[in-house]
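Below is one structure, written out as structure tokens; the observations come after it.
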Amino acid sequence: RPGSRRPLPPAREIQEEELRRFASRVAALLQGPELGPEAVDCLQRLHLTVAATKYPRKLDGKFVELLQTVLCSSKCPEQIQVLCAAILREMSPCNDLILSCDEIQDTKLLSLVSSVLLAQGNKKAEVSAVGQRIVKVLERRLPEGQSAQYLLPVLSNVISLSPESLTEEQTNVVSRKMADWLRYASIQQGVAQPSGGFFSNPRTRQPGPVTEVDGAIATDFFTVLSVGQYYTQDQWLNVQAFSMLRNWLLCYGGKGLKTPNSDDKSGMDRSVMSVVCTTSTSSRLLPPKERLREKAFEYCQRLIEQSNRRPLKKDDGDLQKACLIEAVTIMDIICKQDSSYMYRAASFLKILHGRICGDATYARALLPIAQFFLNHSKMAAVDSDAIYKHLFTDIPAQLFHNPSLAFEFVQFCKDNSQLFTETSSIFRQSFPNLFKFLAWNSPPLISEFVDLLPFLLDAGTAIEIFHLLLDLPCLTAALDIQLRSTALPTSERAASDPAVKPATCLEAFRHPLYKSMFQYLLRTKSAPEDAPERLIPLRQLLGSLASSPRVVQCAETVPVLLELFFRVVAEFADGPLINQLVVLLLQRSDQLYEIPAFKDDVYRVLSSQLVMLCKLHPALIVELSKEILEFSGTVSNIQNKEAIFTHVVWAIGEYMSVSYDKRCTVEQINRFFETLEAMLFEITQLRPLASTSSYAPRAISVLMATLTKLAARSQDLIPRVSMFLSKMRTFVQSPAVTSVYCEEDLEEILIRATELMNLLKMPSVAQFVFTPPVDVASTQFQREVNDSLPFALRIVTHLLEPAPGCMPG
Amino acid sequence: MVRAFVLLALGGPDPPAPPGPAPPGPAPCRVLYARAFGTPPGSPPATGGPPRQRLRRKEQLLAVARQVASQCRLLQSSSGRPSSPQLPQLPDEPISLQDAPGGLFQLPPGDPFPERVTVAWLSVLALAFALVCDPRENLSLAEVTLRRLAPRLLASLRLLGPGADVLLRPETADLLLDRLLPHGQMLFLNERFLRAMDREMGIKPSR
């Protein structure tokens with residue numbers, strides 16, 4: 001609430017009637033002789049009222065007209081004008097707008113009015129009208145006291161909203177002026193505006209030349225990196241012109257009209273061998289587009305040279321880097337539009353790269369340089385492999401913790417995603433390095449990696465990426481330790497004694513026992529690991545960091561990426577790869593970083609993806625029977641990895657059948673049966689002296705169901721199952737059990753057992769229900785684990801136990 | 001081009017439990033000032049007329065604010081910093097942006113703008129400043145621009161003092177933006193240029 005004035009009611013609550021009265025009061029003030037503080041105060045409150053609600057406020061059409069009149073009135077103080085514009089913009093799009101920029105001569109006012117017009121949504125081609133007016137004003141000589149500097153930003157906005165607003169002739173007019181502003185601004189400093197007054201000295205001091213950012217006298221033409229105490233009009237225009245140069249060239253620099261964001265690949269019409277040397281004498285003869293291109297190129301070269309100087313003011317260093325990036329980007333665009341600039345640019349940028357590649361503060365500039373060579377190296381015949389190698393090997397490893405660089409690097413990868421499809425390329429090989437960005441800066445980068453991951457993933461990288469994703473939070477922890485280790489003074493970095501176990505993670509970093517594990521995790525190149533269990537000690541060691549906020553944030557991204565991983569893999573994986581993944585899935589379920597929520601989420605994803613893999617390749621149950629038997633026969637899995645266990649058992653029931661794989665023998669079915677029977681026995685056993693532990697009810701259900709299914713296929717087993725199922729009543733009703741399970745779950749178990757028993761009374765029906773022909777699209781069996789069976793069973797049960805009175809006889 | 005500028009109050013973490021009924025939850029972020037520079041390209045034609053377009057604009061800017069607040073919270077927690085802002089400094093003390101949290105993130109097409117945008121943000125105490133940029137914008141310059149806008153807005157609007165002056169002085173913010181980000185155009189201004197601009201705006205140098 002505002003503190004300096006009397007408290008207002010919440011602006012949202014002001015009623016329409018009250019608003020109308022207030023508007024009349026404001027109108028009276030605005031039409032009065034003097035527009036003073038009271039008018040300002042009222043306009044401010046009006047703005048707040050209008051802005052505070054999501055639905056538009058109704059203001060009288062005449063009042064809106066008055067606002068526009070006041071806005072355009074030259075006698076009006078600037079503050080009032082700005083407030084009127086703000087209110088009009090806040091209400092936009094606005095039907096009552098009579099504003100037009102056609103008659104306005106004052107450039108500052110034109111800019112202000114344009115801001116209102118450009119907010120109208122271009123229904124009535126306001127954007128084009130503004131563009132036309134601006135160019136018209138720029139074409140002619142401006143009256144005294146008026147400056148074009150207020151117009152250029154409007155123009156820039158116009159062309160980014162609607163580049164078709166200007167005709168070719170108009171763009172030529174502006175291009176010509178821009179070339180002059182860029183190249184011929186004064187290199188003398190401006191003068192202070194004379195302050196006037198009795199004691200002021202009418203003789204102004206002779207201004208000196210502008211300087212470079214390091215204080216040296218300017219060596220060449222004026223640029224944004226030229227420094228002076230006061231600036232002249234044309235120097236302001238120089239800054240404005242450069243600031244909008246990239247956009248302008250993208251729109252109008254190439255052949256024909258392009259929108260600012262489209263990729264301009266045209267302009268490669270000059271032959272490779274023609275190197276057109278344009279000297280400054282002949283340049284005046286160039287058409288405007290080409291002349292601007294030339295001046296722009298020279299400007300960029302100068303900026304790149306100027307960025308080599310050490311600035312006196314630290315903040316100028318940030319600007320130097322921004323200028324460097326802009327200059328390289330513009331050079332890239334110029335070369336796309338006119339390939340004759342290629343050789344100059346390529347050799348120039350190669351030298352620049354050599355200069356900055358060792359300086360971490362310039363790392364972000366390496367990206368546009370690399371992009372340039374990616375776009376042009378074929379034509380320039382420059383060997384740029386060293387550039388890519390440095391970029392992908394060294395930069396992520398050293399600077400993963402720089403969030404801006406991380407973001408831009410990943411954008412670069414997305415922009416050039418086709419590079420990752422070549423198996424042997426340095427880009428593809430470096431994917432472990434790329435994940436460091438994500439591991440450290442998870443929240444802003446997760447959505448970027450969701451876009452990028454499909455390009456990194458194929459049959460050759462799938463396994464390694466699978467492990468990498470599961471170990472992503474470990475990577476975060478390892479990076480943390482690496483950073484801390486690098487920050488230690490060299491004296492404290494002595495290698496640890498191999499005989500003594502390390503006391504802290506930091507010590508372990510250099511310990512011979514752990515060193516190679518760290519190095520593997522922190523590798524910069526793809527290196528498939530044959531024995532993933534080799535990292536177990538490291539994971540345990542890193543357990544102390546498992547609750548660090550950054551690690552937890554990273555862990556939260558893994559389930560999303562895992563699901564995506566499997567979705568992509570499903571598209572290309574063949575039988576052997578699927579088998580490999582399933583085996584690893586079961587193996588890794590024991591080897592996960594100990595973050596509780598993380599493990600649960602991962603189990604959830606892995607279990608549903610396991611089902612998906614089985615559907616893709618049902619024969620895996622038979623092919624991997626050894627591993628699956630082992631997994632499903634381990635009692636502790638029911639507690640520790642319930643989700644995976646349940647889905648594995650379901651898959652056995654579903655796919656262990658001769659319909660899916662001819663190799664499925666009765667012996668195999670029996671072996672699975674025995675294993676699962678033993679498991680069910682184990683968890684439903686009532687021990688008189690020991691307390692009963694509770695297991696997930698759905699695990700019990702799925703075991704019963706799978707045993708029934710197997711028995712339906714190997715009918716000698718039916719009596720065993722039936723007997724077991726009949727014992728479930730005793731289990732469910734025993735006091736030891738009712739005290740640890742909830743009533744609904746026990747009821748559900750009993751119902752399920754009964755249904756299954758009923759089914760087994762009709763073995764041929766059971767067989768039919770549980771062994772659908774594979775080629776029939778039986779969608780009811782493709783539903784969730786917990787839904788599919790009850791549906792089928794209820795139908796059958798309904799057939800077996802009809803409602804009384806329905807059956808004849 | 002910059003499509004929009006947003007100044008928001010971050011909203012809080014859960015307030016300390018006072019006696020009485022439980023607080024409703026963390027205070028949501030609030031847009032204190034927002035400026036859009038034209039209708040975003042790719043916007044569907046005006047179905048539902050001007051009120052709908054205006055509503056869409058306001059909702060888009062609020063969506064940006066929410067994302068910024070969320071990213072800021074996540075960054076603060078990952079770096080182990082306390083989530084509650086430190087005590088506000090005296091209004092005349094120069095604000096140090098040295099360790100000010102900030103970052104970059106993308107918003108996908110359709111959510112909330114028709115085309116993909118990149119957001120650059122900077123947070124100072126309980127406030128945040130955000131630039132909504134075209135995807136190919138010079139993000140280094142965006143960060144420089146934010147570092148210049150923030151202290152000037154903080155000072156001119158007296159954002160660190162008591163009272164919500166910013167809501168009642170849109171023209172002050174407008175005038176600042178007209179100089180440093182006119183019509184969404186970011187400017188390559190070196191320190192001296194900036195000083196000259198400050199002089200024209202009547203801002204005293206604070207260093």
Side-chain angles (χ1 to χ4, degrees), chain A residues 1-4 44-45 47-48 54-56 79 82-83 86 92-95 111 115 118-119 121-123 153-154 156-157 160-161 213 224-225 227-231 239-240 242-244 247 260-261 313 315-316 318-319 321-323 325-326 364 403-404 407-408 443-444 447-448 549-550 553, chain B residues 1 35-39 41 43 46 49-51 53-55 58-59 70-71 74-75 77-80 102-106 108 115 118 134-136 138-141 143-144 147 161-165 167-171 174-175 178 182-193 195-196:
Chain A
R1 301 281 166 258
S4 54
Q44 287 172 336
R45 288 168 191 237
H47 178 270
L48 178 59
K54 278 195 180 173
Y55 61 89
Q79 193 183 17
V82 173
L83 275 167
S92 295
C94 196
N95 286 329
S111 169
S115 75
L118 293 177
N122 211 20
K123 254 188 353 265
V154 187
S156 190
N157 199 5
S160 72
L161 293 172
V213 290
V224 292
L225 288 176
V227 169
Q229 216 194 356
Y230 298 95
Y231 290 95
V239 172
Q240 299 272 8
F242 178 69
S243 299
M244 65 182 277
N247 253 353
N261 288 326
K313 294 199 183 295
D315 286 348
D316 276 340
D318 292 337
L319 187 75
K321 297 179 176 69
C323 286
I325 289 172
E326 189 81 356
R364 284 168 84 176
S404 303
F407 180 85
E408 292 196 299
S447 58
E448 309 310 308
R550 205 178 282 274
Q553 278 182 358
Chain B
M1 286 309 288
R35 181 84 185 262
F37 300 106
T39 314
S43 293
Q53 276 181 291
R54 180 177 174 274
L55 177 63
K58 289 192 97 67
E59 292 188 330
S70 162
Q71 291 285 336
L74 288 166
L75 181 64
S77 80
S78 77
S79 54
L104 301 166
F105 63 89
Q106 267 204 350
E115 292 176 358
T118 301
D134 284 336
R136 311 262 176 206
N138 185 326
L139 296 173
S140 295
L141 184 62
E143 292 175 343
V144 166
R147 282 174 182 270
D165 253 14
L167 294 172
L168 273 175
R169 300 177 57 198
E171 81 281 9
D174 278 348
L175 283 164
D178 278 348
H183 292 268
Q185 175 72 66
M186 295 192 291
L187 296 173
F188 288 89
L189 297 168
N190 61 52
E191 280 296 301
R192 288 300 194 85
F193 248 115
R195 208 128 310 240

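Residue numbering restarts at 1 for every chain, and letters A, B, ... go by the order of the sequence lines. Excluded from the calculations below are hydrogen atoms, water molecules and symmetry mates; all remaining heavy atoms, backbone and side chain alike, are included.
- Considering every non-hydrogen atom in both A:Gly121 and B:Gln53, the closest pair reads CA-NE2, 4.2 Å.
- Residue contact with chain A, scored on non-hydrogen atoms closer than 4.5 Å, involves the side chain of B:Thr118 exclusively.
- For NZ of A:Lys313, the number of neighbouring non-hydrogen atoms (other residues, nucleotides, ligands) closer than 6.0 Å is 12 at most.
- Atoms CG and CG, on B:Leu141 and A:Leu319 in that order, are 7.0 Å from each other to the nearest 0.5 Å.
- When each of B:Gln106, B:Glu59, B:Lys58 is checked for heavy-atom pairs under 4.5 Å with chain A, B:Gln106 comes out on top.
- Both the backbone and the side chain of B:Met1 come within contact range of chain A, with heavy atoms under 4.5 Å apart.
- Interface residue B:Gln71: only side-chain heavy atoms are found under 4.5 Å from chain A.
- Heavy atoms closer than 4.5 Å to chain B are found in the side chain of A:Gln553, but not in its backbone.
- Side-chain atoms of B:Arg54 come within 3.5 Å of backbone N or O of A:Lys54 as a donor-acceptor pair.
- Distance check: B:Phe188 CZ to A:Leu225 CG gives 9.5 Å after rounding to the nearest 0.5 Å.
- Smallest separation of non-hydrogen atoms from B:Gln185 and A:Ser243: NE2-O, 2.9 Å.
- The minimum heavy-atom distance linking B:Glu171 with A:Gln44 is given by the pair OE2-NE2, 2.7 Å.
- Separation of atoms CD (A:Gln240) and CG (B:Leu189) is listed at 8.5 Å; rounding is to 0.5 Å.
- No donor-acceptor pair under 3.5 Å is formed between the side chain of A:Asp316 and the backbone N or O of B:Asn190.
- Only the side chain of A:Phe407 comes within contact range of chain B, with at least one heavy atom under 4.5 Å from a heavy atom of that chain.
- Salt-bridge check for B:Glu143 with A:Arg364: passed, with a basic side-chain N closer than 4.0 Å to an acidic carboxylate O.
- Without hydrogens or angle criteria, B:Asn138 side chain to A:Ile325 main chain gives no donor-acceptor distance under 3.5 Å.
- Rounding to the nearest 0.5 angstrom, the gap separating the CZ atom in B:Arg169 from the CG atom in A:Leu83 is 10.5 Å.
- Note: A:Ser404 leads A:Ser447, A:Ala86, A:Ser404, A:Cys94 in heavy-atom pairs under 4.5 Å with chain B.
- When all heavy atoms of A:Pro549 and B:Ser77 are compared, the pair lying nearest together is CB-O, 2.9 Å.
- The two residues B:Pro51 and A:Pro56 have their closest heavy-atom pair at CB-CG, 3.7 Å.
- Atom-to-atom distance recorded for A:Tyr230:OH and B:Arg192:CZ is 10.5 Å, nearest 0.5 angstrom.
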**Message:** One pair to check against side chain to side chain donor-acceptor pair (under 3.5 Å): B:His183 and A:Ser111. What are the steps and the verdict?
**Reply:** CA-CA 9 Å; B:His183 292 268; A:Ser111 169; 3.0 Å; yes
**Request:** Might you work through the side chain to side chain contact (heavy atoms under 4.5 Å, CB included) test for A:Lys321 and B:Ser140, ending with a clear yes or no?
**Result:** CA-CA 8 Å; A:Lys321 297 179 176 69; B:Ser140 295; 5.7 Å; no
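- B:Leu175 and A:Val82 make their closest contact through CD2-CG2, 3.9 Å (heavy atoms, listed as atom of the first residue, atom of the second, distance).
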